[in-house]
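One structure below.
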Number of protein chains: 2
Amino acid sequence: METWNRHNPIAQFTRQRRKELNLTQVELSDTTGVGLRFVRELEQGKPNLMTDKVNQVLLFFGHELTPTPISDETRRDLGT
Amino acid sequence: METWNRHNPIAQFTRQRRKELNLTQVELSDTTGVGLRFVRELEQGKPNLMTDKVNQVLLFFGHELTPTPISDETRRDLGT
DNA sequence: TGAATTTATACCTTTTAGGGTATAAAAAAG
DNA sequence: CTTTTTTATACCCTAAAAGGTATAAATTCA
C-alpha cells in the first residue's frame, strides 16, 4: 500500500484554508457536499483521490487542480 | 453523467506537452506506465480521474497536481 | 482536571475508474 | 486516392474510492 502523506500540496492547502475560516471537517463536508470521510482522507494525505471530489472541495476556496512544476517538497518525497 | 471537456487544464497540458515531444499516446502510455485508455480519457477531458494516475503522467513532464486559483477558462465552464 | 467538541480509525456496501482488447474513425504518409 | 499510423469508441472485468456509521483517540475549553 502506498504511504499517506499529510504534507502533500493538496492536503496541506485544504487543512490550512479550512482552519483559516475556522471551519470543522464536518462543516467543510456539509458546505462542499462531499462525504465527511473524504474530507478526512484528503487532509490526511490519502495518496489516491478522485479529481472531481477534490475539486468540489477546492472550488469552495476558489481553487482547482492544475499541473504545476514539481515542488521541492514533492521532490523530497520522491527521493530525488 | 457529467460532461467531458477537452479544454480543461489537465487535458490541455498533457496533450500539448506530449505533442511537443512528438510522442504518440501509445508511447506516453508506455513510458509513464499508465494504461493507454487512461491517456486517452485524460486527454479527452474525462471529468473524473484518480490523482495518482494523473500525477504518474504529469511527473514525466516534471509536473504534479496542485491547487491553483480558478482560471477564467474553468470559470467559464462553471457558468460563473 | 473533567466535559464537550473535534478529529481519527474501522467496518461494510455501492459505485465506478482503470486495464485490456477489439474495432472504428480520423489523420498522416506514400 | 490507397496504405499506414494514430486516435477514438465500445465491451467486460477487477480493484478500490467514497459514502455511511459507530467507536476511539485527541484536542479544546470551562
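Per chain, numbering begins at 1; letters A, B, ... match sequence-line order.
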Check whether [X] reaches the backbone of [Y] with its side chain - one donor and one acceptor, N or O, closer than 3.5 Å.
{"X": "A:N5", "Y": "A:P47", "result": "no"}
{"X": "A:T14", "Y": "A:I10", "result": "yes"}
{"X": "B:E64", "Y": "A:S71", "result": "yes"}
{"X": "B:E41", "Y": "B:F38", "result": "no"}

To the nearest Å, how far apart are [X] [atom1] and [N] [atom2]?
{"X": "A:R15", "N": "D:dT27", "atom1": "CZ", "atom2": "C1'", "value": "12 Å"}
{"X": "A:L36", "N": "C:dA10", "atom1": "CG", "atom2": "P", "value": "16 Å"}
{"X": "B:R37", "N": "C:dA17", "atom1": "CZ", "atom2": "P", "value": "9 Å"}
{"X": "B:E41", "N": "C:dT16", "atom1": "CD", "atom2": "P", "value": "14 Å"}
{"X": "B:L28", "N": "D:dA8", "atom1": "CG", "atom2": "C1'", "value": "16 Å"}
{"X": "A:N22", "N": "D:dT28", "atom1": "CG", "atom2": "P", "value": "12 Å"}
{"X": "A:L23", "N": "C:dT5", "atom1": "CG", "atom2": "C1'", "value": "15 Å"}
{"X": "B:I10", "N": "C:dA17", "atom1": "CD1", "atom2": "P", "value": "14 Å"}

Is any side-chain nitrogen or oxygen of [X] closer than 4.0 Å to OP1 or OP2 of [N]?
{"X": "B:R18", "N": "D:dT7", "value": "yes"}
{"X": "A:R40", "N": "C:dA10", "value": "no"}
{"X": "A:Q25", "N": "C:dT5", "value": "no"}
{"X": "B:R6", "N": "D:dA8", "value": "yes"}

| said: Within residues 42-55 of chain B, which residues have any heavy atom lying less than 4.0 Å from an atom of DNA chain C? | reply: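 By residue number: B:K46, B:N48, B:L49, B:M50, B:K53.
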| said: Is the shortest side-chain heavy-atom distance between A:E73 and A:P9 below 4.5 Å? | reply: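 A:E73 does not reach A:P9 side chain to side chain.
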| query | With a 4.5 Å heavy-atom cut-off, do B:L65 and A:V54 have their side chains touching? | reply |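 The answer is no, as the side chains (C-beta and beyond) never meet within the 4.5 Å cut-off.
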| The side chain of B:T24 lies closest to which of these nucleotides: D:dG19, D:dT7, D:dC12? |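 Side chain of B:T24 sits closest to D:dT7.
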| task | Please work out whether the ring planes of A:F13 and A:H63 are parallel, tilted or perpendicular, with thresholds of 30° and 60°. | result |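 Tilted.
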